[in-house]
Every structure is written in C-alpha cells, then in structure tokens.
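Take a look at the structure set out below.
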Amino acid sequence: MGVTGHGVTDLVGKGGSFVQTKAKEKPPPTSSLNPNWAQLQADMKLTGKRKERSDEESSASALAVLTPKNSDCSLTDVVAMDCEMVGVSFQGSKSALGRVSLVNSWGNVVYDEYARPLEYVVDFRSEISGIRPHNLRKAKDFHTVQKDIAQLIKDRILVGHALHHDLKALLLSHPKRCTRDTSHYLPFKNEEGKTRALRDLAKEHLGVEIQRKQHCPSSMLQR
C-alpha cells in the first residue's frame, strides 16, 4: 500500500464523512445513492458526468499537491494511516513494517517513524518503499512503534486503504465500527465490485497522481 494519509483522509471527506457526518446538502430527488455518498460527491464538487480534461489540464493535475487544510497538528478524532513494508525471511518474501505514518483529519502529520523489524531485512524494497538501510539503523524498535500506534489510534476513527495489511504488519487490530477502509467502500469499487487501486481513486476524485515512483506514506504526491 502506498498511501498516504493525506489522500485517504480527503477521499472520505472531513471526519470520515462517508459513514458518520450528516449531509450538508440533500441529494437530488432522483438519486439512488446513499446519502453519505451524495454528500461525499458534494464535498469533492463532483456533480454529474466528469468534464473531459485537455492535455494541459491533465498535465497540471499530475503536478497537483494536496496541502493540509490548516496548520492544526493536534490528534483529531479521525486519523489516517499508511505503512511501508520491507522484505524479511527467505528471499525477502515476507513483509515487515518499515515505516508508519499518521495524519489527522486536516491532513497534517501527527506521527511518522521508521521501524526496525524483528527479523533481518533481506529486501528493503527501496524502489517502492523509499526505505534504505540507513533509515533503519537508528530507527525505533518494532515494539516501541507498535505501542505508539496502538495508543494513538485507540478510540479513534481509523482511515486507510486496505488497512488489514497495515494492521497485520503492526500486529494490531482495530474495531470494525471505528474503521473506514476505502478499499471496502462500495462506491469506490469498479463495475465488477472489485477493489480499485488508491492511485486510481486519487487521480479520479482528487485530481492528483500518486505512487509514480517511491512511496511516501505521509505525502499524497509521491515524488
């Protein structure tokens, strides 16, 4: 997963709006969409069919950066999480936590740490994770990072994309009622009901391109 927190938070709107926030605008009378989804469309100003973009507009979109909505770096009731993995075990085939980031509902980073895996790292997966050997030499040990995250997400709404992968790497669980996973949200699935990649959702709904090269979990635009 290469998501950043920014992207996931904005995809669900303020405070995980697709499941809890009351709609500010009533959906069109003829709409059969869930009211929360209609509100999400309103928040993102996606009404009706998307306008075809010119090459110039598409180029500008590719360079767009999602910036925090304000400078508030406090720990809000809703946080978004993303992790980057490294490879351990035989031939690096097993994934282990290498970095974890949390952003608040405003898009500001509240936690961003490298984690030193319990097992020997065979593959840093640098071309995707952006993690290199020197990043883990002085990194916090796994159990410290695990404890930090457990405390930060406790009793909070946790937003992410395919969160089960991140939670598995952290050896943590989170109540289903407090989880907002964009990979499970029906309006974000394709026509066959399958999960779409976060980079495709970000491009379609937010007008930005992510995961073009190395992933950075605390940044929406992957440089």
Once you round to the nearest 0.5 Å, how far does [atom1] of [X] lie from [atom2] of [Y]?
| X | Y | atom1 | atom2 | result |
| --- | --- | --- | --- | --- |
| H164 | S173 | NE2 | OG | 14.5 Å |
| Q146 | D141 | CD | CG | 10.0 Å |
| L201 | L206 | CG | CG | 8.5 Å |
| K189 | T182 | NZ | OG1 | 9.5 Å |

Can you name the closest pair of heavy atoms from [X] and [Y] and give their distance?
| X | Y | answer |
| --- | --- | --- |
| P68 | G107 | CG-O, 3.8 Å |
| S126 | R132 | OG-CG, 3.8 Å |
| R180 | R177 | NH1-O, 2.8 Å |

What orientation do F188 and H205 show, parallel under 30°, tilted 30 to 60°, or perpendicular over 60°?
tilted
Residue pair [X] / [Y], side-chain heavy-atom distance below 4.5 Å:
| X | Y | answer |
| --- | --- | --- |
| R156 | V78 | no |
| K203 | D200 | no |
| T179 | H184 | no |
| T195 | H161 | yes |
| L97 | D166 | no |
| Y114 | V145 | no |
| R99 | S101 | yes |
| N108 | V103 | no |

Qualifying residues under salt bridge (Lys or Arg N to Asp or Glu O under 4.0 Å), relative to K194, sequence neighbours excluded:
E192
When L152, I149, V159 are each screened for side-chain contact (heavy atoms from CB on, under 4.5 Å) with M81, the one that passes is I149
Examine the side chains of T76 and N104 and answer whether a donor and an acceptor come within less than 3.5 Å of each other.
no
Indicate whether any N or O donor in one side chain lies under 3.5 Å from an N or O acceptor in the other, for S183 and D181.
yes
Which is it for C83 and L170 under the side chain to side chain contact (heavy atoms under 4.5 Å, CB included) test, yes or no, and what are the steps along the way?
CA-CA 9 Å; C83 297; L170 284 158; 4.2 Å; yes
Please report the C-alpha distance between K154 and H174 in whole Å, then the side-chain angles of each, then the deciding distance to 0.1 Å, and finally whether the side chain to side chain contact (heavy atoms under 4.5 Å, CB included) criterion is met.
CA-CA 8 Å; K154 183 179 180 181; H174 199 66; over 6 Å; no
With a cut-off of 6.0 Å (strictly less than), are more than 12 heavy atoms of other residues, nucleotides or ligands near NZ of K168?
no
side-chain hydrogen bond (donor to acceptor under 3.5 Å, both in side chains) against D77, all qualifying residues, sequence neighbours excluded:
none
Ignoring hydrogens and angles, tell me if any N or O in the side chain of S93 forms a donor-acceptor pair with the backbone of V88 under 3.5 Å.
no
Could you list the donor-acceptor pairs under 3.5 angstrom formed by side chains in residues 116-124, with sequence neighbours left out?
unit_1	atom_1	unit_2	atom_2	d
R116	NH1	A139	O	2.5
E119	OE2	K94	NZ	2.9
D123	OD1	R125	N	2.8

After noting the C-alpha distance and the side-chain angles of V79 and I157, does the key distance pass the side chain to side chain contact (heavy atoms under 4.5 Å, CB included) rule?
CA-CA 6 Å; V79 293; I157 301 296; over 6 Å; no
